[in-house]
**Student:** 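Below: one structure in structure tokens.
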Amino acid sequence: MSVVTRFAPSPTGFLHIGGARTALFSYLYAKGHGGKFLLRIEDTDRERSTQEAVDAIFEGMAWLGLNGDNAQPIYQTQRFDRYRQVIQQMLAAGTAYYCYCSKEELDALRAEQMANKQKPRYDGRWRPEAGKTLPTPPADVQPVVRFRSPLDGQVVLQDLIKGEIVFDNAELDDLIIARGDGTPTYNFCVVVDDMDMGITHVIRGDDHVNNTPRQINILKALGATPPAYAHVSMILGADGAKLSKRHGALGVMEYRAMGFMPEAMLNYLVRLGWSHGDQELFTREEMCAKFNFDHVSASPARFDMEKAYWVNHQYLKSADPALVATEFDWHLRRIGVDPAQGPDLPAVIVQQRERCRTLVEMAEKSKFFFAELDGYNEKDAAKHLNAESAALLAELASALEALPQWSAEALHLAVNGFAEGRGLGLGKVAQPIRVACCGMAVSPPIDQTLYLLGRERTLARLKAAVSYVQQKQ
RNA sequence: GCUCCUAUCGUCUAGAGGCCUAGGACGGAGCCCUCUCAAGGCUUAAACCCCGGUUCGAAUCCGGGUAGGAGCGCCA
């Protein structure tokens with residue numbers, strides 16, 4: 001049987017990091033087994049579902065490159081006819097029944113049970129039993145439909161991550177599968193969808209484990225074979241607290257804004273909870289080939305920004321610069337820099353990637369290649385731009401102006417020769433050049449920097465630095 | 001309250017009874033290299049939640065604690 005997995009978010013917000021990892025695991029498991037990865041939008045809660053959220057989720061998935069194999073994702077709101085049909089079928093088969101309890105009645109029941117330190121649960125007052133007389137249906141109540149859950153026996157779940165979990169049916173009550181207005185509820189929709197979509201492996205957050213026995217029971221009542229389940233633990237914040245809107249929960253697109261590469265994000269996420277021996281870095285192909293549930297941790301994991309940065313840096317350093325350029329371009333524009341007004345992006349990337357953990361850093365540190373300097377870094381200027389160095393810069397400008405060829409090699413020889421000729425260490429010369437040309441004392445190797453900056457800009461900036469010093473005096 | 005889940009360095013994890021004096025990675029500390037910042041190389045500190053049991057032998061199996069977490073909706 002070929003594997004079919006799905007990612008089924010409810011569109012009530014952006015795609016957060018935990019959702020992204022669940023989606024990734026589902027994607028990898030399907031791809032690694034030659035199966036299909038499907039997308040489904042669980043939008044039965046009309047109150048909270050929004051089109052903006054749907055778009056945000058797709059945007060995040062697209063950025064990460066986690067595309068579903070169904071051309072059109074499935075929307076639960078478009079399947080109401082099907083749900084209604086299954087509910088009728090269950091009503092007819094006696095595996096579901098109408099319940100006329102009002103919400104007030106239910107609230108009172110729950111409150112009473114809590115007060116008695118019992119697990120709150122429906123008491124089955126409208127559940128048909130042999131020889132039992134049901135109350136007379138009140139005329140003013142629109143009945144809900146409840147699932148007729150087995151009273152005894154147990155559900156044994158062989159979870160791919162957590163192992164065997166046993167639930168007593170006696171712990172479960174008769175959950176509502178259709179509201180008073182006839183619309184179906186979550187646990188029911190999930191079951192029907194997973195069945196209709198032919199899902200073989202349900203991979204989801206472990207906040208769903210307690211729903212699983214109910215879903216399995218409904219599946220059985222429908223005569224369907226339950227899929228395999230894998231319940232993934234939560235991702236916690238760096239402080240070990242649960243991530244929430246108020247507490248550090250960020251959308252994946254915010255990680256883009258922070259300068260992460262999508263592939264690096266995936267790599268960090270896949271290692272959060274999953275391991276393959278001592279390997280830290282994986283290509284997407286490796287992830288697909290090696291991912292499995294034997295090595296997914298059952299305990300929650302904290303999101304460690306430092307490690308994420310490190311992974312990102314590894315990608316920046318080893319990825320094809322042409323690929324990085326797409327993201328780099330986005331970041332440059334984002335800080336108001338026109339990438340066309342300077343050297344080729346891949347060439348800049350090759351020079352900068354060793355010293356930048358994020359693309360935000362890279363963009364900031366590369367700004368001077370594309371735009372005119374908006375002043376010098378104060379400390380760096382104070383340290384490196386003075387009468388002494390200005391004299392050197394003036395001389396150097398003439399020397400460089402005379403260069404027949406503007407290449408990194410030629411510049412290397414020229415600058416080194418210049419320093420040696422004056423009995424100076426290279427640092428004595430390179431640092432003032434940096435401040436003059438880059439606005440700060442940090443840049444790639446000086447020969448590469450000047451080469452990429454170009455002849456005109458270099459000479460102009462050297463001269464500008466000289467007049468800056470003169471004016472200051 | 002009830003049900004369910006989890007528990008190895010600060011963090012992510014390796015570990016499927018002897019290979020563990022517990023390995024790797026991030027981060028930390030130190031040294032080397034060096035035109036800046038990095039990168040890189042080397043060295044180093046740092047953990048099996050507790051108590052019982054099974055066994056010749058337990059980080060690994062079992063039981064009980066403890067501590068975290070999730071769920072108990074006409075939300076998903």
Side-chain angles (χ1 to χ4, degrees), chain A residues 8-12 42-45 47-49 76 99 101-103 106-107 110 113-121 142-146 157 159 161-163 165-168 170-173 175-181 183-187 189-190 205-213 231 233-234 236 238 240 242 268 271-281 294-295 297-311 313 317 352-357 365 380 384 415-416 419 425-431 433-435 438 440-447 449:
Chain A
S10 52
T12 55
E42 309 211 321
D43 54 354
T44 52
D45 184 353
E47 303 275 303
R48 298 196 301 154
S49 300
Q76 292 190 321
C99 166
C101 284
S102 66
K103 291 183 190 181
L106 258 15
D107 287 344
R110 246 193 300 276
Q113 288 167 328
M114 292 286 257
N116 291 334
K117 308 198 170 187
Q118 289 171 318
K119 185 174 182 169
R121 50 187 311 199
Q142 283 293 311
V144 299
V145 178
R146 285 186 185 271
L157 165 64
D159 193 89
I161 293 172
K162 295 182 186 284
I165 306 176
V166 180
F167 299 89
D168 283 325
E171 290 295 332
L172 276 21
D173 64 355
L175 74 155
I176 293 173
I177 57 176
R179 304 180 179 92
D181 64 4
T183 56
T185 60
Y186 170 75
N187 278 113
C189 296
V190 168
D206 72 356
D207 47 335
H208 288 285
V209 282
N210 289 297
N211 288 329
T212 310
H231 287 100
S233 62
M234 295 204 311
L236 271 20
K242 186 183 175 179
Y268 177 72
R271 276 288 288 108
L272 204 56
W274 174 71
S275 61
H276 183 77
D278 288 339
Q279 190 171 352
E280 296 287 349
L281 271 8
D294 301 344
H295 292 277
S297 166
S299 53
R302 302 188 191 202
F303 191 94
D304 181 9
M305 213 33 142
E306 288 302 319
K307 178 96 178 248
Y309 281 141
W310 177 80
V311 173
H313 194 188
K317 285 198 296 180
Q352 293 280 220
R353 59 187 181 180
E354 267 185 15
R355 66 208 83 240
C356 302
R357 298 200 299 174
K365 288 180 175 172
D380 293 341
H384 298 292
V415 177
N416 280 270
L426 186 51
K428 282 285 181 206
V429 179
Q431 287 307 78
I433 301 178
R434 280 203 169 85
V435 180
C438 314
M440 56 192 166
V442 175
S443 88
I446 203 66
D447 49 354
T449 302

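Naming: A, B, ... by sequence-line order, numbering from 1 per chain.
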**Student:** Base, sugar-phosphate, or nothing: which does A:Cys189 touch, judged by heavy atoms less than 4.0 Å apart?
**Tutor:** nothing

**Student:** Applying a 4.0 Å non-hydrogen cut-off, can you work out what A:Lys428 is touching in the nucleic acid: base, sugar-phosphate, or nothing?
**Tutor:** nothing

**Student:** Could you pull out the closest heavy-atom pair between A:Gln76 and A:Val190, with the gap in Å?
**Tutor:** NE2-N, 4.1 Å

**Student:** Between B:rG65 and B:rC5, how far apart are the P atoms? Round to whole Å, please.
**Tutor:** 14 Å

**Student:** In whole angstrom, give me the gap between the P atoms of B:rG52 and B:rU11.
**Tutor:** 26 Å

**Student:** Kindly write out the residues that satisfy salt bridge (Lys or Arg N to Asp or Glu O under 4.0 Å) with A:Arg48, not counting sequence neighbours, or none if the list is empty.
**Tutor:** A:Asp45

**Student:** Which whole-number value in Å describes the distance from A:Asn211 CG to B:rC72 P?
**Tutor:** 7 Å

**Student:** In the strands shown, is B:rC49 matched to any nucleotide by a Watson-Crick or G-U wobble pair with both distances under 3.5 Å, and which?
**Tutor:** B:rG65

**Student:** Produce the list of close N/O pairs, under 3.5 Å, pairing protein atoms with atoms of nucleotides 36-45 of chain B; give distances to one decimal.
**Tutor:**
unit_1: B:rU36; atom_1: O4'; unit_2: A:Gln431; atom_2: OE1; d: 3.0
unit_1: B:rU36; atom_1: O4'; unit_2: A:Gln431; atom_2: NE2; d: 3.2
unit_1: B:rU36; atom_1: O2'; unit_2: A:Ala441; atom_2: O; d: 3.0
unit_1: B:rU36; atom_1: O2; unit_2: A:Arg434; atom_2: NE; d: 3.4
unit_1: B:rU36; atom_1: O2; unit_2: A:Ala441; atom_2: O; d: 3.4
unit_1: B:rU36; atom_1: O2; unit_2: A:Ser443; atom_2: N; d: 2.9
unit_1: B:rU36; atom_1: O2; unit_2: A:Ser443; atom_2: O; d: 3.1
unit_1: B:rU36; atom_1: N3; unit_2: A:Arg434; atom_2: NH2; d: 3.0
unit_1: B:rU36; atom_1: N3; unit_2: A:Ser443; atom_2: O; d: 2.5
unit_1: B:rU36; atom_1: O4; unit_2: A:Arg434; atom_2: NH2; d: 3.3
unit_1: B:rU36; atom_1: O4; unit_2: A:Pro445; atom_2: N; d: 3.4
unit_1: B:rC37; atom_1: O2; unit_2: A:Arg355; atom_2: NH1; d: 2.5
unit_1: B:rC37; atom_1: N3; unit_2: A:Arg355; atom_2: NH1; d: 2.4
unit_1: B:rA38; atom_1: O2'; unit_2: A:Glu354; atom_2: O; d: 2.3
unit_1: B:rA38; atom_1: O2'; unit_2: A:Arg355; atom_2: N; d: 3.3
unit_1: B:rA38; atom_1: N3; unit_2: A:Glu354; atom_2: OE1; d: 3.4
unit_1: B:rA39; atom_1: O3'; unit_2: A:Lys317; atom_2: NZ; d: 2.7
unit_1: B:rG40; atom_1: OP1; unit_2: A:Lys317; atom_2: NZ; d: 3.1

**Student:** Which atoms of nucleotides 63-67 of chain B (N or O only) lie under 3.5 Å from a protein N or O atom, and what are those distances?
**Tutor:**
none

**Student:** For A:His276, which residues count as a ring-ring contact (aromatic ring centres under 6.0 Å, His included) partner, sequence neighbours excluded?
**Tutor:** none

**Student:** Which residues pass the salt bridge (Lys or Arg N to Asp or Glu O under 4.0 Å) test with A:Arg271, not counting sequence neighbours?
**Tutor:** A:Glu280

**Student:** Could you list the residues that satisfy side chain to side chain contact (heavy atoms under 4.5 Å, CB included) with A:Lys317, not counting sequence neighbours?
**Tutor:** A:His313, A:Gln314, A:Glu354

**Student:** In whole Å, measure the gap between the P atoms of B:rG27 and B:rC35 for me.
**Tutor:** 25 Å

**Student:** Using the side chain to side chain contact (heavy atoms under 4.5 Å, CB included) rule, take A:Tyr268 and A:Trp310 through it: C-alpha gap first, then chi angles, then the decisive distance, then the call.
**Tutor:** CA-CA 9 Å; A:Tyr268 177 72; A:Trp310 177 80; over 6 Å; no

**Student:** Run the side chain to side chain contact (heavy atoms under 4.5 Å, CB included) test against A:Gln431 and tell me which residues pass, sequence neighbours left out.
**Tutor:** A:His384, A:Arg434, A:Ala441

**Student:** At less than 3.5 Å, do the side-chain atoms of A:Asp207 and the base atoms of B:rG71 form a donor-acceptor pair?
**Tutor:** no

**Student:** For A:Leu175 and B:rC74, what is the distance between atoms CG and P respectively, to the nearest whole Å?
**Tutor:** 9 Å

**Student:** Can you check the distance between B:rC48 and B:rA29, where both ends of the measurement are the C1' atom (answer in whole Å)?
**Tutor:** 24 Å

**Student:** Could you run through nucleotides 15-22 of chain B and give me one letter per nucleotide, 5' to 3': B if any protein heavy atom sits under 4.0 Å from the base, S if only the sugar-phosphate is that close, - if neither?
**Tutor:** S-------

**Student:** Using the P atom on both, measure B:rA39 against B:rG15 and round to a whole Å.
**Tutor:** 30 Å

**Student:** Go through the steps to decide whether A:Ile165 and A:His231 satisfy the test side chain to side chain contact (heavy atoms under 4.5 Å, CB included), and finish with yes or no.
**Tutor:** CA-CA 11 Å; A:Ile165 306 176; A:His231 287 100; 5.8 Å; no

**Student:** To the nearest Å, how far apart are A:Asp278 CG and B:rC26 C1'?
**Tutor:** 13 Å

**Student:** Measuring from atom CG of A:Leu426 to atom CD1 of A:Ile433, what distance do you get when rounded to the nearest 0.5 angstrom?
**Tutor:** 7.5 Å

**Student:** Please lay out, stage by stage, how A:Met440 and A:Asp380 fare under the test side chain to side chain contact (heavy atoms under 4.5 Å, CB included).
**Tutor:** CA-CA 6 Å; A:Met440 56 192 166; A:Asp380 293 341; 3.7 Å; yes

**Student:** Please report, rounded to the nearest Å, how far the C1' atom of B:rC72 is from the CG atom of A:Leu106.
**Tutor:** 13 Å

**Student:** Is B:rC37 paired to anything, Watson-Crick or G-U wobble with both distances less than 3.5 Å, and if yes, which nucleotide?
**Tutor:** none

**Student:** Using whole Å, what does the distance between atom P of nucleotide B:rC35 and atom NE2 of A:His384 come to?
**Tutor:** 14 Å

**Student:** Specify the separation, in whole Å, of atom CD of A:Gln279 and atom C1' of B:rG24.
**Tutor:** 12 Å

**Student:** Quick check for you: to the nearest 0.5 Å, what is the distance between A:Met234 atom CE and A:Lys242 atom NZ?
**Tutor:** 5.5 Å

**Student:** Which base, if any, makes a Watson-Crick or G-U wobble pair with B:rA29, both distances under 3.5 Å?
**Tutor:** B:rU43

**Student:** Using both distances under 3.5 Å as the test, list the Watson-Crick or G-U wobble partner of B:rU60, or none.
**Tutor:** none

**Student:** Watson-Crick or G-U wobble partner for B:rG71, using a 3.5 Å limit on both distances?
**Tutor:** B:rC2

**Student:** Using a 4.0 Å heavy-atom cut-off across all strands, classify A:Thr44 as base, sugar-phosphate, or nothing.
**Tutor:** sugar-phosphate

**Student:** To the nearest Å, give me how far apart OH (A:Tyr309) and P (B:rC12) are.
**Tutor:** 18 Å

**Student:** Using the side chain to side chain contact (heavy atoms under 4.5 Å, CB included) rule, take A:Val429 and A:Val415 through it: C-alpha gap first, then chi angles, then the decisive distance, then the call.
**Tutor:** CA-CA 8 Å; A:Val429 179; A:Val415 177; 4.3 Å; yes

**Student:** Treat primed atoms plus P, OP1 and OP2 as sugar-phosphate and everything else as base, then score nucleotides 1-11 of chain B 5' to 3': B for base contact with protein heavy atoms under 4.0 Å, S for sugar-phosphate contact only, - for none.
**Tutor:** BBBSSSS---S

**Student:** Considering only the P atoms, how many Å lie between B:rA46 and B:rG24, rounded to the nearest integer?
**Tutor:** 14 Å

**Student:** What residues, two or more places apart in sequence or in another chain, satisfy salt bridge (Lys or Arg N to Asp or Glu O under 4.0 Å) together with A:Asp107?
**Tutor:** A:Arg110

**Student:** Does any nucleotide pair with B:rA22 by Watson-Crick or G-U wobble geometry, both distances under 3.5 Å, and what is it?
**Tutor:** none

**Student:** Which residues pass the ring-ring contact (aromatic ring centres under 6.0 Å, His included) test with A:Phe167, sequence neighbours left out?
**Tutor:** none

**Student:** Taking the C1' atom in each of B:rC37 and B:rA76, what is the distance between them to the nearest angstrom?
**Tutor:** 49 Å

**Student:** With sequence neighbours left out, write down each residue that passes salt bridge (Lys or Arg N to Asp or Glu O under 4.0 Å) with A:Arg357, or none if nothing qualifies.
**Tutor:** A:Glu306

**Student:** Any side-chain N or O of A:Arg110 under 4.0 Å from OP1/OP2 of B:rC72?
**Tutor:** no

**Student:** For B:rC20 versus B:rG40, give the span between their C1' atoms, rounded off to a whole number of Å.
**Tutor:** 31 Å

**Student:** Report which part of the nucleic acid A:Asp380 touches: base, sugar-phosphate, or nothing (heavy-atom distance under 4.0 Å, all strands).
**Tutor:** nothing

